[in-house]
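Notes follow once the structure below has been shown.
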Amino acid sequence: GNSFFKPYANHLEDLALEAGIEDHNATVVFRGGDNGRPINFWNDSNSAEHQQIQSALDQGNIDFFGMTSGFDLDNTDDPLVGHRACIEYALQNNPSITIFIAIPTIDFPEDWNQRAEDNGFNSIQELYEYYVNEIIHQKMINQLRAEFPLTNIFTIPTGWATINLAQMNQENL
C-alpha cells in the first residue's frame, strides 16, 4: 500500500498478538503515493515489491490480503484492473483468502473545506461519506464482490480516524 495504508499495516502484527492470534505473521509491502496502488504494484512486475507480494501469496495459507482503494482512474475501460489482477493471483494458492480494502482519508487536510465545497458538500465528513459509500462501495466493492462471489471482500474506512481526530483537535478535545 501507500503512505495512508502503511501506519495501519505496520501495526497489524501487534494487534494480532493483542487479539490472541497465535503464530501470526505479516508481510507489509509499501510504496509511496500512486505507486502504492494495486495497479502500480501489479504493472511493475520486475520490482522487488511485486516479487515480494507474489512470493508471499505463492506460499499459500494466507488468510487476509489487504490493498488500498486507489484505482486506475485513467483506465476508463477497467479502473479496477489492478485490484482484480491481485485478487485473481491471490486466489490461485489461497482459495479461502479474505480481501480487505483500506479507504484512506482525503488528501491535504488544509484544503478539505474548499474541496468539500467544490464538490457540492457542506463538510469533509459529507464528502468522505459520499466517497466511501457511492464511489468506493458502489463502483468498486460491489463490482468486485459480484466478480468474486465466493470471496469475502470488506473495507476498512481508515480515513474516518483522520477526519474524527482532526475534528477533535479543532474542538480542543
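- Remark: side-chain polar atoms of H83 are not paired, donor with acceptor, to backbone N or O of R37 under 3.5 angstrom.
- The distance from the CD atom of Q52 to the OG atom of S47 is 9.5 Å, given to the nearest 0.5 Å.
- With hydrogens and angles disregarded, no donor-acceptor distance shorter than 3.5 Å links the side chain of H24 to the backbone of A16.
- Taking all atoms of both residues into account, the shortest heavy-atom contact from N94 to L57 is ND2-O, 2.9 Å.
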Practice item. For side-chain contact (heavy atoms from CB on, under 4.5 Å), just list the numbers for Q92 and E88, CA-CA rounded to whole Å, side-chain angles, deciding distance to a tenth of an Å, and then say yes or no. Key: CA-CA 7 Å; Q92 290 176 21; E88 287 171 350; 5.6 Å; no
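- Interatomic distance, I53 CD1 to M67 CE, rounded to the nearest 0.5 Å: 9.5 Å.
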**Study point:** Worked check of side-chain contact (heavy atoms from CB on, under 4.5 Å) between W160 and Q125
**Key:** CA-CA 8 Å; W160 277 125; Q125 290 86 348; 4.1 Å; yes
Practice item. Output, in order, the C-alpha distance, side-chain angles, deciding distance and verdict of side-chain contact (heavy atoms from CB on, under 4.5 Å) for V29 and H50. Key: CA-CA 9 Å; V29 181; H50 179 96; over 6 Å; no
Tell me which donor-acceptor pairs under 3.5 Å the side chains of residues 58-66 have, and how far apart each pair is, sequence neighbours excluded?
from	atom 1	to	atom 2	distance (Å)
D58	OD1	Y89	OH	2.5
D58	OD2	Y89	OH	3.1

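- Residues I136 and I141 meet the side-chain proximity criterion, which asks for heavy atoms closer than 4.5 Å.
- Between I103 and S69, the shortest heavy-atom distance links the atoms CA-OG, 3.7 Å.
- Distance CD/E22 to CG/L17: 9.5 Å, rounded to 0.5 Å.
- Counting heavy atoms from C-beta on, the side chains of P38 and T68 come closer than 4.5 Å.
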Review point. Checking side-chain contact (heavy atoms from CB on, under 4.5 Å) for the pair I101/I156: CA distance, chi angles, key distance, verdict?
Key: CA-CA 6 Å; I101 298 178; I156 305 173; over 6 Å; no
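- A 4.5 Å side-chain heavy-atom check between T151 and R145 finds every atom pair outside the cut-off.
- For the residue pair E117 / N113, no side-chain donor-acceptor distance below 3.5 Å is found, with atom types taken as modelled.
- Distance alone, capped at 3.5 Å, is enough to place a donor-acceptor pair between the E126 side chain and the N122 backbone.
- Atom CD of E129 sits about 9.5 Å away from atom OG of S123, to the nearest 0.5 Å.
- Placement of Y131 and L144 within a single hydrophobic cluster is found when ILVMFWY residues are connected by side-chain heavy-atom separations under 4.5 Å, directly or transitively.
- The CZ atom of F108 lies 15.0 Å from the CD atom of Q114; values are rounded to the nearest 0.5 Å.
- Under the 4.5 Å side-chain heavy-atom criterion for ILVMFWY residues, a single connected hydrophobic cluster contains both M140 and I135.
- The closest side-chain heavy-atom distance from N152 to I99 is not below 4.5 Å.
- There is a side-chain donor-acceptor pair under 3.5 Å between E147 and Q143.
- Here the straight-line distance linking atom CZ of F41 with atom CD of Q51 works out to 12.5 Å at 0.5 Å rounding.
- When side chains are defined from C-beta on, L91 counts as touching F148, because their heavy atoms get closer than 4.5 Å.
- The side-chain contact (heavy atoms from CB on, under 4.5 Å) test with W112 singles out one residue from I124, D107, L127, and that residue is I124.
- Cluster annotation: L165 and I163 are assigned to distinct hydrophobic clusters (Ile/Leu/Val/Met/Phe/Trp/Tyr, side-chain heavy-atom contacts under 4.5 Å, transitive).
- Residues G159 and Y128 share a closest heavy-atom pair of N-OH, 3.1 Å.
- Side-chain N or O atoms of E13 include one that pairs as donor or acceptor with a backbone N or O of A26 at under 3.5 Å.
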